[in-house]
Amino acid sequence: MKMKTRESIKIIFYLFVLFTPFICVGRTCYIAPFGLDTNKGSINAPFRTISNAIGQMAAGDSCILREGTYREKIVIDKAGIVLCAYPGENVLVTGCDPIEGAIENFKNSQNNEFCNRIKFDKKVYQLFIGGKQMDIARWPNKTTSLLSMKDWESSLVDAAGEDKKVTMPSIPVQSQSSDFWKGGYYIGVNSEATTKLSTWYSGGGQIISSTGELLHISQTCYGVGGKYANGKGYGYILNCLNALDTEKEWFWGDGYLYFKYPNHLATEKPLIEVRTRVSILEITANNVCIKDINFKAGTILIGGDKAEIGSCTFRYISPFVWNPGDNSSESGARCNWGDYTNGSSGICVLGNGLSMKDCYVAHSWFNGIVLWGNSCTVDNCIIEDVNWMGKRCSGINSFGADNTIRYCTIRNTGASSIEGGNGAWIKKYAIRNLWEHNRCENACNLVVDQGFFYINHQNGASPSANSEWRYNLLIHNQGPDKGVWTSTNVGLYVDNNSSGYLVHHNVVVDAKEGIRYNDFLDGARAGKGVYFYNNTFYQVNQCMASGRIPRGTKPDADITVENNLGIGCGGYGVFTRTSSNVEFAEKSSVENADNSNFTLKQSKYIDAGVLIQNVDISYAGTAPDIGAFETKSPTWHAGSDLVIPEKILIEDNEGLTTHVVDTPDRDLKSNYGKQ
């Protein structure tokens, strides 16, 4: 299932690169669904399974997969292994197995609902019928995208002690019998604020008992706009047999899989597949290359160094799991960023030197990609529809040093598009990272007080990040679609005494704040060396904001704001301890703001910028222009140019209906600054 890229000659070049190593280095073997593991592994006598082939391969060998579906977990523990699809053929590696056994009718005496069930002892993480993902049984029923709150119900969490309670007044009377919801999970956003919501990520816990409208839960999560996520908010009950009452829902428990067919397939016999494996690819050796393979229903762990991943798809990566953690400990907070041991990290990169290019990553309860390793590059990828849990997960978490994320499109996320770490809870944040030419849109659908780009040192220049955000397009971040929210949704968010950032030539469209910098420490722990310059803001409530007041009397933070342009914005905002510069222009000052063209017309903003000490600004006139586009220089563009295969779009009709701004074509080729 190939994806087209910007090089027209790529296929010819690919064939040359693909087969040349097989002649020069190591042995080449073949695998096919019609093969046998007792074969020799030749093109005419291929192996049947990937695992068997790898077991017989030596370091430096290559393996070519013929078209078909492979239902197994791959572990690559030999250096220099190449694993790729035969040119032009569609290869799928899946964590799912077809279901076998007698399907029987079942009536649940608790809710008086009829469904189907089948005896199945292995734990089920996801269910697919006819290739499409089914919904975990939920109340209230899922009626919109998993990144929408429109079908959540009002709730009140009282977590003042060990006996944690959730009240949901709209629970139907017929569902209020004792322990009706026992064993399920409450997931919600709740805040101590009385009039508006303010949550950093979702909370909840397993339901240990229920009475009427009241749920007793085992745990709430730390750090949700209040230590125990207590207060008013919205939520739902998930993964409970008694919630199974509508088409496409399923539940696994007591050794049975319970489900209801989609209505249009009820009289047919579609393929039923269950995900029984959390991980489907683990790379523990160095210099491993994976090309042109589609992965579905499985997480990925890359522990070896210098892995090369190209032209692959990764779909339905993290399943629903519960990260319990601990309310007061570091691990209790850290678990909200995902955990590779239980699959909630999505694609977890622990090794160094990863090169990931031309890949599609989509559909995850938690993260898309997590870069714990250093010197990694993610280039020209699409990451979308991730973090259905509303945790502190992102399209890409970049925690390592010397990583580069460029020309990626990251859209439809529960929280931030890209996060660079946290000095207090993660104990690690991005150093010497470069984030450039990315297109991020429709972020923070389930939480607030985050941004398209988010970083949090909490300790000034210890050490300084020395990282750069440049030439990025950031579109639509207004927060969840239900409730009244007090916290911010930001384009570029440098939080809590972070130091060492060049943030320039970015465009922020339709957000509550364009840029936010928070600093509340004095002296050596204050933020240092942060520069916000030559950014353009369009239809944002406030261009610049600062949410913290210095504790001492001396303004120790070293923040510079210059050459920025606001168009159709609500105002400057509140920004202290800095020199400040945002010019406000009419829409007529740029070529066509409504059509995503922010190139300056002949106006007072051309050659009107200032030079900044210790910062090298590239410009073509007598001085820098104001805003993100230099009129006399070649314009820039952002985002991936991959075209998602139509077959995937038809099969994965989940999470693609959320709000998207300015996307006339599905591959989201950017019109911003495009020549």
Side-chain angles (χ1 to χ4, degrees), residues 200 222-223 225 227 330 333-334 336-337 371-372 374 392 394 397-403 405 415-416 418-435 449-470 487-488 490-504 506 513-533 535 543-562 564 573-581 612-616:
W200 307 340
Y222 177 87
K227 187 172 183 180
E330 172 195 329
R334 183 167 176 159
N336 291 287
W337 276 261
L371 301 176
W372 284 101
N374 307 315
R392 200 60 172 267
S394 304
N397 281 351
S398 183
F399 302 147
D402 300 295
N403 293 327
I405 301 169
S416 297
I418 299 175
E419 181 174 343
N422 186 295
W425 291 337
I426 292 295
K427 304 295 184 185
K428 191 173 184 180
Y429 55 81
I431 305 294
R432 297 182 302 277
N433 272 223
L434 175 62
W435 303 298
D449 197 29
Q450 294 182 40
F452 291 106
F453 287 74
Y454 181 88
I455 190 75
N456 191 339
H457 292 190
Q458 299 194 352
N459 197 25
S462 300
S464 177
N466 295 325
S467 295
E468 189 168 3
W469 299 341
R470 65 188 187 190
S487 287
T488 53
V490 185
L492 300 142
Y493 199 154
V494 184
D495 203 2
N496 293 348
N497 323 105
S498 298
S499 295
Y501 291 97
L502 298 178
V503 182
H504 64 97
N506 302 284
E513 295 177 355
I515 288 176
R516 168 170 282 262
Y517 182 81
N518 286 342
D519 188 274
F520 62 95
L521 296 178
D522 294 311
R525 296 182 65 190
K528 307 290 184 183
V530 178
Y531 298 86
F532 301 116
Y533 62 96
N535 300 288
C543 292
M544 308 291 300
S546 175
R548 302 298 179 93
I549 299 173
R551 290 178 176 173
T553 58
K554 182 181 178 182
D556 291 314
D558 174 22
I559 313 299
T560 299
V561 181
E562 296 288 358
N564 300 286
V574 179
F575 204 80
T576 60
R577 307 173 74 178
T578 177
S579 64
S580 304
N581 188 296
I612 303 172
Q613 188 176 1
N614 301 322
V615 173
D616 182 15

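Remember, it's a predicted structure, so these values are computed and weren't measured experimentally.
Side chain of S467 to main chain of Y501: no donor-acceptor pair is present (N/O by atom type, distance under 3.5 Å, no hydrogens or angles). Looking at H457, its side chain does come within 3.5 Å of a backbone N or O of S499 through a donor-acceptor pair.
Judged by distance alone, the side chains of N581 and Y533 never bring a donor and an acceptor atom under 3.5 Å apart. Of the N and O atoms on the side chains of N466 and R432, not one donor lies less than 3.5 Å from an acceptor on the other residue. For the residue pair N564 / N535, a side-chain donor-acceptor distance below 3.5 Å is found, with atom types taken as modelled.
In this structure the side chain of D449 never reaches within 4.5 angstrom of the side chain of Y454, judged on heavy atoms. Side-chain contact check for F532 versus V494: some heavy-atom pair is nearer than 4.5 Å. At least one side-chain heavy atom of N422 sits under 4.5 Å from a side-chain heavy atom of Q458. At a threshold of 4.5 Å between non-hydrogen side-chain atoms, the residues Y429 and I455 count as touching. The shortest side-chain heavy-atom distance between N506 and F453 does not fall under the 4.5 Å cut-off. Side-chain contact check for Y493 versus T488: some heavy-atom pair is nearer than 4.5 Å. The closest side-chain heavy-atom distance from L492 to F452 is not below 4.5 Å.
With values rounded to the nearest 0.5 angstrom, L371 atom CG is found 12.5 Å from D402 atom CG. Interatomic distance, OH of Y517 versus CD1 of I515, reported as 12.5 Å (0.5 Å rounding).
Shown are N456, D519, N459, L521; of these, the side chain to side chain contact (heavy atoms under 4.5 Å, CB included) with N496 is made only by N456.
With respect to the salt-bridge test (charged N to carboxylate O, under 4.0 angstrom), the residues D558 and K528 do not qualify.
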